[in-house]
Amino acid sequence: MLATLLLAVGGPADAAAPVPADDRRQALVRMVRQDCGSCHGMRLTGGLGPPLTPAALAGKPLSSMAATIHAGRPGTPMPGWRAMLSADEAAWIAERLADGFPEELR
């Protein structure tokens, strides 16, 4: 199962994910803050879903986080976002979550 999820996002996320263009980055930050925040808390500190803070994610493999973002987690409320995100964008989001997710630009 994990191997399938890793293949779905392009393999292990050992190398840094490509950085999306500025406008797409802004859209991704807004999506995480708004859409993911509806379950994980608007500050990503937890809610229906677990917290997505650097402390909560410490030690979790980036490739696993990216796979969850992209493909979802069967049997849980966590949907896959592959219809709205590329595998590289899911990896970029996982990296940002591990580092402390940026705020929306206003």
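From a predicted model like this one, the values you see are computed outputs, not experimental measurements.
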Legend entry - From NE2 (H40) to OG1 (T45), nearest 0.5 Å: 11.5 Å
Legend entry - L97 side, atom CG; K60 side, atom NZ - distance, nearest 0.5 Å: 12.5 Å
Inset, instruction - Could you tell me the separation between the CE atom of M84 and the CD atom of E89, rounded to the nearest 0.5 Å? - result: 10.0 Å
Inset, instruction - Work out which heavy atom in A17 is nearest to a heavy atom in W92; give both atom names and the distance. - result: CB-N, 3.5 Å
Inset, instruction - Grab the two heavy atoms, one from H70 and one from A90, that are nearest each other, plus how far apart they are. - result: CB-CB, 3.9 Å
Inset, instruction - List the atom of A66, the atom of A94, and the distance in Å for their closest heavy-atom pair. - result: N-CB, 3.8 Å
Inset, instruction - Sequence neighbours left out, what passes side-chain contact (heavy atoms from CB on, under 4.5 Å) with A56? Give chain and number order. - result: P51, T53
Legend entry - Any W81 side-chain heavy atom under 4.5 Å of I93 side chain: no
Inset, instruction - Flag the pair M31 / L85 as yes when at least one side-chain heavy-atom distance between them is below 4.5 Å, and no otherwise. - result: yes
Inset, instruction - Enter the distance from C39:SG to L44:CG here, rounded to the nearest 0.5 Å. - result: 11.5 Å
Legend entry - Check: L52 and V32 side chains under 4.5 Å, non-hydrogen atoms: no
Inset, instruction - Check for a donor-acceptor pair, side chain of E104 on one end and backbone N or O of R33 on the other, with a separation under 3.5 Å. - result: no
Inset, instruction - Mind listing the closest non-hydrogen atom pair of R96 and P102 along with its distance? - result: CB-CD, 4.1 Å
Legend entry - CE/M42: more than 12 non-hydrogen atoms of other groups inside 6.0 Å: yes
Legend entry - Taking every non-hydrogen atom, the tightest pair across A98 and P54: O-CB, 3.4 Å
Inset, instruction - For L28 and F101, work out which heavy atoms get closest and say how close. - result: O-CZ, 4.3 Å
Legend entry - Atom CZ of R73: over 12 foreign heavy atoms under 6.0 Å: no
